[in-house]
Amino acid sequence: MKMNIQDLCLIEASGTFLREHLDDEIIQSETDILNHIDTNKCEFVENECNEAVFNMITDLADSLERFLGEAIRNSISNQDIDAMSKVVVSDVWYDAKKHDDTAAQETIENGQRSITNVVQKLQVMMGDSQ
């Protein structure tokens, strides 16, 4: 199962407060999360209620997600995203089609689909979901 950035941040943040990180199965149920917290609290939060520890974990996860988003926004320019977006709709595949090179055409089309997926995710992360 491929996890989204929120789930990954939640799992990573849990290690700050728990002896054993949450995992992709546990995070599917709040009851499972609270039970896992109850049996895995680190010493410095052992007297906190499970819900309070969960709130600490989610607060840290939210901060981590914002930090990662900002790091990505600062490292990838909108011009690069726009350029990738234009490549996706370019007619480069026509050459392969014209020469009846179906293997190359398929490779190019798969590449264009992959770039489209990456561009869409980057646009969402950059706050520009066109």
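For E65, the side-chain hydrogen bond (donor to acceptor under 3.5 Å, both in side chains) partners at least two apart in sequence or on another chain are Q6.
The environment of CG in D100 is sparse: at most 12 heavy-atom neighbours from other residues, nucleotides or ligands sit within 6.0 Å. In this structure, E43 places its CD atom where only 12 or fewer heavy-atom neighbours from other residues, nucleotides or ligands lie under 6.0 Å away.
Minimum heavy-atom separation, L64 to C9: CG-SG, 3.8 Å. The two atoms that bring D24 and I27 nearest to each other are O-CG1, 3.5 Å, heavy atoms only. Across all their heavy atoms, S14 and H21 have their closest contact at OG-CA, 3.4 Å. The two residues I11 and L22 come nearest to each other via the heavy atoms CG2-O, 3.2 Å. When all heavy atoms of F44 and T16 are compared, the pair lying nearest together is CZ-O, 3.2 Å. When all heavy atoms are compared, the tightest approach of A61 to A13 is N-CB, 3.6 Å.
For the residue pair N50/K41, the side-chain donor-acceptor check at 3.5 Å is satisfied.
Interatomic distance, CD1 of I37 versus SG of C42, reported as 11.5 Å (0.5 Å rounding). A distance of 12.0 Å separates CG of L10 from CD1 of I5, quoted to the nearest 0.5 Å. Atoms CG and CG, from N40 and N35 in turn, are 10.5 Å apart once rounded to the nearest 0.5 Å.
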Chi angles and distances behind the side-chain contact (heavy atoms from CB on, under 4.5 Å) call for I33, I57: CA-CA 11 Å; I33 291 171; I57 292 169; over 6 Å; no
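Here the side chain of H36 pairs a donor or acceptor atom with the backbone of E20 at under 3.5 angstrom.
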